[in-house]
2 protein chains.
Amino acid sequence: MNPQEIIINYARKLVPLTDEEGEQFAAAFKEQRVKKRQFIIQPDFTAKSRYFVLNGSLRAYVIGEEGQDHTIQLAVEEWWISDYNSYIFQQPARMFVIAMEDSLLFQLTHEQESRLKDENHKFETFFRMLAERSVAFMQRRIISSLTQSAEERYELFVEKYPAMAYRFPQYVIASYLGMTTEFLSKIRNQRVKPKS
Amino acid sequence: MNPQEIIINYARKLVPLTDEEGEQFAAAFKEQRVKKRQFIIQPDFTAKSRYFVLNGSLRAYVIGEEGQDHTIQLAVEEWWISDYNSYIFQQPARMFVIAMEDSLLFQLTHEQESRLKDENHKFETFFRMLAERSVAFMQRRIISSLTQSAEERYELFVEKYPAMAYRFPQYVIASYLGMTTEFLSKIRNQRVKPKS
DNA sequence: CTTCAGGAATGAAGTAGATTAGGAAAAGAA
DNA sequence: TTCTTTTCCTAATCTACTTCATTCCTGAAG
């Protein structure tokens with residue numbers, strides 16, 4: 001399947017599109033290849049685009065006061081990524097977004113997105129649904145961080161996203177779940193051998 | 001200002017509306033009076049509506065395994081509240097939403113909202129922007145919970161929402177910020193008298 | 001003027017998880 | 001291959017925060 005087909009299929013999961021509308025939608029995107037460790041968003045620069053992952057994986061993170069790194073979002077195939085606070089309000093970013101592997105992205109600029117939304121009610125609906133899904137996803141993450149222990153959060157994560165749990169290095173998972181890599185290591189090894 | 005004017009003014013902060021459109025928008029809402037300690041959403045029931053607070057205050061929370069209560073969202077005048085996971089997908093709720101004071105709400109049912117969005121592109125845009133703002137808000141909360149200590153989270157909260165900090169009882173603030181009421185008490189009193 | 005309930009303060013003891021410091025093993029790069 | 005960098009593990013100590021138990025405070029209801 002080519003990139004255009006992928007994004008059209010994806011969009012059709014949320015809104016019905018005619019073939020013509022599908023093409024129009026896909027035409028707003030631009031392919032972008034990035035290499036491992038390449039940044040696509042950096043603090044102080046405004047995020048001009050959001051990205052749909054066709055292939056590969058990325059990670060969004062912030063650096064805390066004492067230089068500690070906290071993963072805000074992960075993305076693999078068919079996920080979106082950006083610094084949304086920056087993208088939505090077109091203000092300077094606070095986050096880094098970096099490629100974890102050589103990746104192929106579909107870039108959508110803020111301008112192109114605006115144009116799409118103006119052109120067709122269906123596209124506006126699509127982005128509304130996308131945002132609502134993010135709200136639901138983030139709310140689940142907030143509930144998890146309030147109600148569960150480090151171990152429970154990890155178990156839940158592995159259960160829901162087994163593909164990610166072994167695709168990303170451990171320090172990334174740990175900082176996504178809000179714990180240190182050492183502690184995650186302990187959890188992982190405890191699970192294997194409760195008895196010698 | 002009457003409720004209709006309030007909601008129209010509010011909507012106009014996000015999208016321009018003619019007088020006629022404003023009236024049409026406001027007509028989708030229904031006034032609802034609730035008394036302190038009254039529930040408007042309960043687990044296992046589907047949240048059929050979202051609520052705009054005209055007057056008063058509410059609190060959304062979940063009950064954890066060991067009966068501990070975790071505040072997910074707070075709402076005062078001009079804020080929205082619901083169990084969004086339930087509302088958006090029209091699935092059974094996990095949360096309680098309860099009035100903290102006698103309140104006056106503007107209720108918008110899922111059906112009415114759908115109708116609005118179908119009727120006019122502007123209304124669809126409005127709800128898209130509302131969802132995007134929630135995403136940005138929640139992302140900030142996630143970053144705060146990952147990067148800051150209990151004390152820092154409290155200071156930030158007081159700074160950004162001073163009105164809320166003293167309107168809600170301490171145990172509500174504590175459970176919203178992810179700490180115990182005892183610990184928040186300690187933080188508060190430490191700040192006042194670093195020296196006798 | 002009591003009584004009672006919801007909320008806040010305080011202190012002692014316990015624990016989940018962080019920090020620090022060691023080194024081993026994969027994985028790239030040359 | 002060898003060198004370097006990145007990732008992972010183990011274990012001891014440390015601390016931010018919880019838990020538990022008790023007392024105090026305030027306002028509303030009888």
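To find a chain, count down the sequence lines: A is the first, B the second, and so on, and within it residues start at 1.
Under the side chain to side chain contact (heavy atoms under 4.5 Å, CB included) criterion, A:E77 pairs with A:N55, A:R167, sequence neighbours left out. A:D19 is linked by a salt bridge (charged side-chain N to carboxylate O under 4.0 Å, His left out) to A:R12, counting only residues two or more places apart in sequence or in another chain. Listed by chain and residue number, A:Q42 satisfy the side chain to side chain contact (heavy atoms under 4.5 Å, CB included) test with A:F45 (two or more places apart in sequence, or in another chain). Here B:Q91 pairs with nothing under the side chain to side chain donor-acceptor pair (under 3.5 Å) rule; sequence neighbours left out. For the side chain to side chain donor-acceptor pair (under 3.5 Å) test, residues two or more places apart in sequence or in another chain that qualify with B:S57 are B:E101. Legend: residues meeting side chain to side chain contact (heavy atoms under 4.5 Å, CB included) with A:E113, ordered by chain and number and at least two apart, are A:R50, A:Y87, A:L108, A:K117, A:F127, B:E132. Residues that satisfy the salt bridge (charged side-chain N to carboxylate O under 4.0 Å, His left out) test with B:D102, not counting sequence neighbours, are absent from this structure. With sequence neighbours left out, the side chain to side chain contact (heavy atoms under 4.5 Å, CB included) criterion links A:N2 to A:Q4, A:E5.
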Anything under 3.5 Å between a donor and an acceptor, one on a side chain of residues 135-142 of chain A, the other on a protein residue two or more places apart or in another chain? List them.
| from | atom 1 | to | atom 2 | distance (Å) |
| --- | --- | --- | --- | --- |
| A:R141 | NH1 | A:I72 | O | 2.6 |
| A:R141 | NH2 | A:T71 | O | 3.2 |
| A:R141 | NH2 | A:Y176 | O | 2.9 |

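Rotation axes derived from the C1' atoms of the five outermost pairs at either end of the helix from C:dC1-D:dG30 to C:dA21-D:dT10 lie 30° apart, to the nearest 10°.
In this structure, A:R188 atom CZ and D:dT10 atom C1' are separated by 16 Å, rounded to whole Å. C:dG6 atom P lies 12 Å from atom CD1 of B:I98, rounded to whole Å. Rounded to an integer number of Å, the gap from B:L184 CG to C:dA9 C1' is 12 Å. For the pair A:R59 CZ and D:dT6 P, the interatomic distance rounds to 13 Å; values are reported in whole Å. Going from atom OH of B:Y166 over to atom P of C:dA8 covers 11 Å, rounded to whole Å. A straight line from CG of B:N189 to P of D:dC24 spans 16 Å, rounded to a whole angstrom. For the pair B:Y154 OH and D:dA16 C1', the computed distance is 18 Å after rounding to whole Å.
Scanning residues 168-177 of chain B for heavy-atom distances under 4.0 Å to DNA chain C yields B:P169, B:Q170, B:Y171.
At least one test fails for B:R128 against the ring of B:F126: distance under 6.0 Å to the centre or angle within 45° of the axis.
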Reading nucleotides 11-29 of chain C from 5' to 3' and marking B where a protein heavy atom lies under 4.0 Å of the base, S where only the sugar-phosphate is that close, and - otherwise, the string is BB----BSBB-------S-
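A centroid separation of 6.0 Å or more is found between the aromatic rings of A:F52 and A:F29.
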